[in-house]
Amino acid sequence: MFRWIRDEIQGIMDRDPAARSPLEVILCYPGFHAIIFHRIAHWLHNHRLKLLARIISQISRFLTGIEIHPGAKIGKRLFIDHGMGVVIGETAEIGDNVTIYQGATLGGTGKEKGKRHPTIGNGVVISAGAKVLGPFKVGDNSKIGAGAVVLKEVPPNCTVVGVPGRIVRKDNVRVREEKQVKKIDCDEVDLDQVRLPDPIDDAFSCIVKRPTKLESQLKELEEVKENEVV
């Protein structure tokens, strides 16, 4: 147990430059507290003490602002940064070295029975306010942009932005490009939430550039016509 706790603390310190010491993580990080509560609640849930498990998860929610259903399966070194408003559903499955920021939701899309929440691969980053809804998988080392709403499966090594979520990068290459570059190192978690492609901005840029190009072509035709008249 102590080895597991040390591993969880180290995972947080590796990804959060604000973490100054293990003691600070133990005392001041609600994400760490939520994981401790969840491990207890999950054990009780698996041993058919489901009401007690739900009570513990609700106490955790009250103390940390993070709601994790006792049935959710969570791997090693989950880092929930800040954490307020994070919701993780009953049938959600989370791999190792995942990072989740405040306001993110791993939820379902209806009242269907069975598997209804997403499966998150290893090394995934889910940015602030993102919603991942449905019983599909988000592949290893993928990144979900802030505020994105993801409703379908995401392959490994992809970046998803927008509402509804669209894949804008794969293997660190824009999806429109044919040229391939070296893949992201799977051993490193890419926490950059700022330098993400914006497909809407790209579309507006094309719209703005098109009239300029047409005006230039029209001007050239007018000059040719004037020369012919002279």
Side-chain angles (χ1 to χ4, degrees), residues 1 3-16 25 29-43 45-46 57 60 66-83 86-109 114-146 148-160 165 167 169-172 183-193:
M1 182 182 68
R3 187 182 301 113
W4 170 79
I5 291 175
R6 184 170 63 248
D7 194 38
E8 294 293 318
I9 294 171
Q10 189 60 50
I12 293 173
M13 295 190 66
D14 288 343
R15 279 174 277 171
D16 187 3
V25 172
Y29 275 65
F32 177 73
H33 303 154
I35 294 300
I36 297 294
F37 278 113
H38 174 71
R39 299 298 184 191
I40 298 170
H42 185 66
W43 186 90
H45 180 86
N46 289 342
S57 72
S60 174
I66 299 167
E67 182 172 345
I68 307 175
H69 192 283
K73 298 178 181 178
I74 295 178
K76 300 176 182 178
R77 296 177 295 278
L78 171 64
F79 175 33
I80 303 176
D81 195 11
H82 299 292
V86 167
V87 177
I88 300 174
E90 179 182 10
T91 61
E93 299 178 37
I94 300 175
D96 299 336
N97 299 311
V98 172
T99 303
I100 301 177
Y101 290 89
Q102 67 272 14
T105 299
L106 306 182
T109 56
K115 175 68 172 171
R116 60 190 185 276
H117 298 97
T119 297
I120 308 300
N122 299 325
V124 172
V125 175
I126 302 175
S127 301
K131 314 299 178 187
V132 186
L133 308 175
F136 53 83
K137 183 173 181 178
V138 177
D140 294 351
N141 306 305
S142 288
K143 183 162 54 175
I144 310 301
V149 178
V150 184
L151 302 174
K152 58 184 179 181
E153 186 162 342
V154 178
N157 304 306
C158 288
T159 299
V160 179
I167 297 173
R169 283 189 182 273
K170 186 174 182 180
D171 294 332
N172 207 27
K183 291 185 179 181
I184 300 173
D185 184 355
C186 294
D187 293 331
E188 296 182 3
V189 179
D190 181 7
L191 299 178
D192 184 4
Q193 302 178 71

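Keep in mind that this is a model prediction, so the values were computed, not measured.
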Report task. In plain terms, say whether K76 and D7 are close enough for a salt bridge, that is, a side-chain N and a carboxylate O under 4.0 Å apart. Result -> no

Query raised in the report: What is the minimum heavy-atom distance between F136 and K152, and which atoms define it?
Result: CE1-O, 3.4 Å

**Report entry** Separation of I36 CD1 from I5 CD1 (nearest 0.5 Å)
**Finding:** 4.5 Å

Query raised in the report: What are the two closest heavy atoms between I66 and P30, and how far apart are they?
Result: CD1-O, 3.8 Å

Query raised in the report: Is there a donor-acceptor contact under 3.5 Å from the side chain of H42 to the main chain of P70?
Result: yes

Requested in this report: Examine distances only and state if a side-chain atom of S127 and a backbone atom of I144 form a donor-acceptor pair shorter than 3.5 Å.
Outcome: yes

Report task. Locate the shortest heavy-atom distance separating V86 from I80; write the atom from each residue and the value. Result -> CG2-CG2, 4.0 Å

Query raised in the report: Which is it for I35 and W4 under the side-chain contact (heavy atoms from CB on, under 4.5 Å) test, yes or no, and what are the steps along the way?
Result: CA-CA 11 Å; I35 294 300; W4 170 79; 3.8 Å; yes

Query raised in the report: Which residues pass the salt bridge (charged side-chain N to carboxylate O under 4.0 Å, His left out) test with D96, sequence neighbours left out?
Result: none

Report task. Check side-chain hydrogen bond (donor to acceptor under 3.5 Å, both in side chains) between E67 and all other residues, then give those that pass, not counting sequence neighbours. Result -> R61

Requested in this report: Any chance you could lay out the side-chain contact (heavy atoms from CB on, under 4.5 Å) test for V138 and V132, step after step, and finish with the verdict?
Outcome: CA-CA 9 Å; V138 177; V132 186; 4.0 Å; yes

Query - Spacing of CD1 belonging to I88 relative to CD1 belonging to I68, to within rounding of 0.5 Å - result: 4.0 Å

Query raised in the report: Given the rule in the side-chain contact (heavy atoms from CB on, under 4.5 Å) test, do R39 and I74 qualify, once you have shown the distances and angles that lead to the verdict?
Result: CA-CA 9 Å; R39 299 298 184 191; I74 295 178; 4.1 Å; yes

Report summary line: Note: P156 and S142 closest approach over all heavy atoms is C-OG, 3.6 Å

Report task. Give, for atom CZ of F79 and atom OH of Y101, the distance between the pair rounded to the nearest 0.5 Å. Result -> 6.5 Å

Query - Under 3.5 Å donor-acceptor, E8 side chain and R77 backbone - result: yes

Report task. Of all the heavy-atom pairs spanning V25 and M13, show the shortest one and how long it is. Result -> CG2-CG, 4.0 Å

Report task. Scan side-chain atoms only and decide if Y29 and D16 contain a donor-acceptor pair under the 3.5 Å cut-off. Result -> yes

Report summary line: Here the side-chain hydrogen bond (donor to acceptor under 3.5 Å, both in side chains) pairs for residues 115-126, sequence neighbours left out, are E90-R116, T91-H117, K115-T119

Query raised in the report: Between T99, I120, V160, I94, which is the residue that forms a side chain to side chain contact (heavy atoms under 4.5 Å, CB included) with I126?
Result: I120

Query raised in the report: Going through the distances and angles, do I100 and L78 end up as a side-chain contact (heavy atoms from CB on, under 4.5 Å)?
Result: CA-CA 8 Å; I100 301 177; L78 171 64; 3.9 Å; yes

**Report entry** Pairwise distance NE2(H45) to OG(S57) - rounded to 0.5 angstrom
**Finding:** 10.0 Å

**Report entry** Smallest separation among heavy atoms of V98 and G95, with atom names
**Finding:** CG2-O, 3.6 Å

Query raised in the report: Taking the side chain from H38 and the backbone from A72, do they hold a donor-acceptor pair closer than 3.5 Å?
Result: yes

Report task. Look up atom NZ in K73 and atom CD in E93, then write down how far apart they are to the nearest 0.5 Å. Result -> 5.0 Å

